[in-house]
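Inspection log for the structure reproduced underneath, given as structure tokens.
On a predicted model such as this, the values are computed, not experimentally measured, just so you know.
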Amino acid sequence: MTAIWILLAVSVLALVVYMARSLRKVGTPTKGPVIDRKARPQTALVVIDVQEDFTRNTGKHAFDPVLRDAALSEISREIEAGRSEGYEVAFIRNVFREWPVIVAMKLVANGIGTPGREGLKLDRTLVVGDAAVFEKSVGDAFSCPEFDAWLTERAVGKLILVGLDACHCVQLTAKGALARGYRVEIREPATLTGFPVKWTALKKELGDLGAAIA
């Protein structure tokens with residue numbers, strides 16, 4: 001009987017550790033090889049997580065509609081300007097895939113960002129056209145190998161980041177990019193955050209790491 005209880009305790013502990021690691025992974029920037037920026041002269045505009053589960057959410061985690069609409073307008077303007085400048089344009093979608101994160105989102109946020117939801121589509125205001133669209137399941141867009149490879153194929157050495165949430169996926173992608181040697185610029189008016197106080201501190205941190213906040 002004692003052996004059964006020990007096995008049960010070990011199994012529960014292993015489950016708790018796995019859940020904690022999965023949740024921590026969502027908020028941790030990735031690491032990767034440092035690029036040769038001299039060989040990568042191109043610029044890419046990266047539109048992060050501008051999906052209707054987040055932009056059109058009406059629950060307690062909803063963005064202020066006035067701020068949301070203003071940011072969406074700025075994001076659309078950046079997309080148009082980026083295309084006119086000849087920049088590469090990529091859209092990132094977030095879909096939580098690990099079950100501990102799915103459970104957490106269903107418990108605290110009505111399941112937004114979890115598989116099977118209509119709101120996973122990109123916001124209705126975005127003109128996606130034939131641009132590349134990539135999916136990630138954690139904060140940093142560099143967790144998607146196809147996105148990383150796309151940047152390499154197009155000799156991209158500078159990223160302009162817009163989207164949401166500035167305090168989560170935008171800043172995590174910025175840190176992942178900076179760690180790899182990319183030049184990074186965040187267009188602040190074209191971002192959204194539900195944590196404006198936290199963003200003030202993060203801006204300084206990102207600036208110290210080398211990101212430009214425009």
Side-chain angles (χ1 to χ4, degrees), residues 29-30 32-33 35-56 63 67-95 113 118-193 203 206 210-214:
T30 63
I35 66 170
D36 178 5
R37 205 160 65 199
K38 291 181 180 178
R40 301 176 69 151
Q42 303 304 317
T43 298
L45 174 71
V46 185
V47 184
I48 300 173
D49 297 359
V50 187
Q51 298 159 255
E52 297 203 348
D53 248 10
F54 311 123
T55 57
R56 307 291 165 176
F63 293 111
L67 297 178
R68 177 203 64 194
D69 290 348
L72 287 173
S73 293
E74 286 295 323
I75 291 168
S76 291
R77 189 188 66 77
E78 292 288 352
I79 293 169
E80 182 179 359
R83 286 177 171 144
S84 70
E85 290 287 337
Y87 297 161
E88 302 287 348
V89 178
F91 293 83
I92 310 296
R93 295 170 62 251
N94 192 88
V95 183
E118 179 69 16
L120 295 176
K121 66 184 180 183
L122 295 167
D123 191 86
R124 65 197 71 170
T125 62
L126 301 181
V127 179
V128 179
D130 60 356
V133 180
F134 300 97
E135 181 186 309
K136 63 182 178 61
S137 61
V138 300
D140 182 359
F142 281 92
S143 62
C144 174
E146 293 79 11
F147 173 64
D148 202 351
W150 180 84
L151 294 172
T152 299
E153 290 167 3
R154 285 155 179 76
V156 171
K158 177 182 176 181
L159 303 183
I160 298 172
L161 306 182
V162 300
L164 55 102
D165 184 296
C167 289
H168 292 289
C169 298
V170 174
Q171 65 97 4
L172 290 169
T173 299
K175 288 176 179 176
L178 290 166
R180 289 166 170 82
Y182 285 87
R183 290 178 60 199
V184 175
E185 183 176 323
I186 299 172
R187 299 283 171 84
E188 188 174 14
T191 66
L192 272 169
T193 182
K203 279 198 296 184
L206 289 167
I213 314 294

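- Arg83 and Glu85 are not joined by a salt bridge, as no carboxylate oxygen comes within less than 4.0 angstrom of a charged side-chain nitrogen.
- For the atom pair CG (Leu161) and CD1 (Ile48), the distance works out to 4.5 Å, reported to the nearest 0.5 Å.
- Here the CD1 atom belonging to Ile92 is positioned 10.0 Å from the CD atom belonging to Gln51, to the nearest 0.5 angstrom.
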Open item on the list: What verdict does the side chain to side chain contact (heavy atoms under 4.5 Å, CB included) test give for Thr193 and Phe63, after you've listed the backbone C-alpha separation in whole Å, the side-chain angles of each residue and the deciding distance to 0.1 Å?
Closed with: CA-CA 8 Å; Thr193 182; Phe63 293 111; 5.5 Å; no
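- Heavy atoms only, all atoms of each residue included: Ser76 and Thr125 are closest at OG-O, 3.6 Å.
- Taking both residues in full, the closest heavy atoms of Ala174 and Leu206 are given as CB-CD2, 4.0 Å, listed atom of the first, atom of the second, then distance.
- Expressed to the nearest 0.5 Å, how far CD of Glu74 lies from CG of Leu72 amounts to 10.5 Å.
- The distance from atom CD of Glu78 to atom CD1 of Ile75, rounded to the nearest 0.5 Å, is 9.0 Å.
- Ion pairing between Arg56 and Asp123 holds under the 4.0 Å rule for side-chain N and carboxylate O.
- Residues Thr43 and Glu88 are not in side-chain contact: their nearest non-hydrogen atoms beyond the backbone lie 4.5 Å or more apart.
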- [ ] Check the pair Val50, Phe91 against side chain to side chain contact (heavy atoms under 4.5 Å, CB included), reporting the backbone distance first and the verdict last.
- [x] CA-CA 8 Å; Val50 187; Phe91 293 83; over 6 Å; no
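- With a 4.5 Å cut-off on side-chain heavy atoms, Pro29 and Asp140 count as touching.
- Residue pairs meeting the ring-ring contact (aromatic ring centres under 6.0 Å, His included) criterion with at least one member in residues 147-167, sequence neighbours excluded, are Phe134-Phe147, Phe134-Trp150, Phe142-Phe147.
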TODO: List the steps, then state whether salt bridge (Lys or Arg N to Asp or Glu O under 4.0 Å) holds for Lys121 with Glu118.
DONE: CA-CA 6 Å; Lys121 66 184 180 183; Glu118 179 69 16; 3.3 Å; yes
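- Considering CG of Asp49 and SG of Cys169, their distance stands at 4.5 Å, rounded to 0.5 Å.
- In this structure, the side chain of Asp53 engages the main chain of Gly113 through a donor-acceptor pair within 3.5 Å.
- Applying the side chain to side chain donor-acceptor pair (under 3.5 Å) test to Arg180 and every residue at least two apart in sequence or in another chain returns Thr30.
- The closest side-chain heavy-atom distance from Arg154 to Thr152 is not below 4.5 Å.
- The two atoms that bring Leu159 and Tyr182 nearest to each other are CG-CD2, 4.0 Å, heavy atoms only.
- The closest side-chain heavy-atom distance from Ile186 to Thr191 is below 4.5 Å.
- Contact between Lys203 and Ile213 at its shortest, heavy atoms only, is CD-CG2, 3.9 Å.
- Between the side chain of Arg68 and the backbone N or O of Thr55, at least one donor-acceptor pair lies under 3.5 Å.
- Considering only heavy atoms from C-beta on, Lys136 stays 4.5 Å or farther from Arg93 through its side chain.
- Residue Leu45 comes nearest to Ile79 through the heavy atom pair CD2-CA, 3.5 Å, listed as atom of the first residue, atom of the second, then distance.
- Around atom CZ of Arg40, more than 12 heavy atoms belonging to other residues, nucleotides or ligands sit under 6.0 Å away.
- In this structure, the separation between OG on Ser143 and CD on Glu135 is 9.5 Å, given to the nearest 0.5 Å.
- Heavy atoms only, all atoms of each residue included: Leu151 and Ala44 are closest at CD2-CB, 4.2 Å.
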TODO: Step by step, work out the side chain to side chain contact (heavy atoms under 4.5 Å, CB included) result for Val95 and Ser137.
DONE: CA-CA 5 Å; Val95 183; Ser137 61; 5.9 Å; no
